[in-house]
There are 2 protein chains.
Amino acid sequence: MSPGPQKSFDVEEAVLTARDLFWERGYDGTGIRDLEVAIGIGRKSLYDTFGSKRELYLRSLRKYADTVIQSICDGLEREGVGALANLERVLGKLQKHHGSDGSLGCLLGVAIGQIGADDEELAAFLRGVLDGMEQAFERCLREAMGAGEVRSDLQPRDAARQLVALSQGMALLGRVSDGPARSRSIIRAALAALRPVSSS
Amino acid sequence: MSPGPQKSFDVEEAVLTARDLFWERGYDGTGIRDLEVAIGIGRKSLYDTFGSKRELYLRSLRKYADTVIQSICDGLEREGVGALANLERVLGKLQKHHGSDGSLGCLLGVAIGQIGADDEELAAFLRGVLDGMEQAFERCLREAMGAGEVRSDLQPRDAARQLVALSQGMALLGRVSDGPARSRSIIRAALAALRPVSSS
DNA sequence: GCTATCCTTGACCGATCGGTTTCTGTTTGG
DNA sequence: CCAAACAGAAACCGATCGGTCAAGGATAGC
């Protein structure tokens, strides 16, 4: 039923390569020729496998989103330590990844910045991903508030949305920042604002 | 010394038109043909006046930044009311402008999202603009803290950077949000986090 | 060996890109 | 009236865009 050789390249790895290219140069800035060369396959294989440039782009975004969402949810729900400690660790990781020198920012944020005004399909997908992040943050915040680790007068949903916006803003600013100082300040301020009491 | 007619179009108004086009469609998405039609001048005049597409883009960004920075600084330094009230008003204005439905986000944020990895000239300009916003926020925060309107245990610089990141993040998310609820949450949380005491 | 399937290469397509140039008014100062 | 400086329209440039297509090479089952 299937004579002939198997695919000579790993499809999922090709998606990762495409993701990195889109990440670095954006959708418009990444040409079909660039993708061919980077992935190392011919154009026919590329179109046979992925259909179109846009489909490959959406697939790259989906893969990236799955990874990021999974990582954040896992980090926020780790047992054994306090919820606030989980939050601190996750925010620290985000700062390290997206706030350092030469950062490309978050691929999702870059996608939002480049989305066309009438691209409702992509907008809906991105909304969904952001909702997932927001809910993970909200669960963690509720738990931390229950344990008295976070000011109890805050609205968990508002604070969660704030953290999502903050993460995206930090990642965006990281694209033009000249060092990790700014992003460290941002995370420090976010955590300080959550703490119930403090004296310098 | 200057025979011949005056320029038949308003240069500054042309920059505003170009700004709106870049804002709506991004740099790559805006073609020279689009700019001609929108501004209403021929291509020769366009190149004679502005030099190149990129120069017109930079000029648009500069004009936008001047307007925004001016507006924020004026709003934050208004006398007669408390510094926190000024901050609340400015953040509310940002939310109204960038967080509503169909928002295009902040042009500066969009530019950051679309900047090329090796475009140091544009990156330096954007860094400068963000620094200006940060300093304006920091001055306002210091004043508010001095008046006891804001928790005194916060670091003004960290909090100012947080507000810049938050503004950019909110404006970015506004591009895919389906209503003003999210951006309102974000601003509400930011202000709640600054307040020294509260018992909802 | 034959055939079918997958792969790659590379030519090719119409369209559009940023930018230059040529031409034809048209308006102004002298 | 004339020359200089301006304007706009459009032809034109090489390059690149996303996408298609036709021709082989390689590998598998029969």
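Labels below follow one simple rule: chain letters A, B, ... track the order of the sequence lines, proteins then strands, and each chain is numbered from 1.
Within 4.0 Å of B:Lys44, counting heavy atoms only, lies at least one base atom of the nucleic acid. Counting non-hydrogen atoms under 4.0 angstrom, A:Gly40 reaches the backbone sugars and phosphates but no base. Within 4.0 Å of A:Gly29, counting heavy atoms only, lies no atom of the nucleic acid at all.
Dashed line: the shortest gap from a side-chain N or O of A:Ser45 to OP1 or OP2 of C:dT8 is under 4.0 Å.
One interatomic measurement links the two molecules: CG of A:Leu46 to P of C:dC6, which rounds to 17 Å at whole-angstrom precision. Atom pair B:Leu21:CG and C:dG18:P shows a separation of 11 Å (rounding to whole Å applied). Between the C1' atom of D:dT16 and the CG atom of A:Leu35 lies a distance of 14 Å, rounded to the nearest Å. Rounded to whole angstrom, the span from the CD1 atom of A:Ile41 across to the P atom of C:dT9 amounts to 10 Å. In this structure, A:Ile39 atom CD1 and C:dC7 atom P are separated by 13 Å, rounded to whole Å. When the C1' atom of D:dA15 is taken as reference, atom CD1 of B:Ile32 falls 15 Å away, rounded to whole Å. Straight-line distance from the CG atom of B:Asp28 to the P atom of D:dG18: 11 Å, rounded to whole Å. The CG-P distance, from B:Leu56 to C:dG19, rounds to 10 Å in whole Å.
Side-chain proximity of B:Arg43 to the nucleotides D:dG19, C:dT20, D:dG8 is greatest for C:dT20.
No side-chain donor from either of B:Ser183 and B:Lys96 sits under 3.5 Å from a side-chain acceptor of the other. Counting only N and O atoms by type, the side chains of B:Ser185 and A:Arg161 include a donor and acceptor under 3.5 Å apart.
In summary, A:Lys44 and A:Glu36 do not engage in a salt bridge, as defined by a charged side-chain N under 4.0 Å from a carboxylate O.
Under a hydrophobic clustering in which Ile, Leu, Val, Met, Phe, Trp and Tyr are joined whenever their side-chain heavy atoms come within less than 4.5 Å, directly or via other members, B:Met133 and B:Val110 fall into different clusters.
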**Study point:** Criterion salt bridge (Lys or Arg N to Asp or Glu O under 4.0 Å) on B:Lys93 and B:Glu88, from CA distance to verdict
**Key:** CA-CA 9 Å; B:Lys93 195 162 66 178; B:Glu88 285 181 357; over 6 Å; no
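Counting distance only, with no hydrogens placed and no angle test, the side-chain atoms of B:Arg33 and the base atoms of C:dG18 include a donor-acceptor pair under 3.5 Å.
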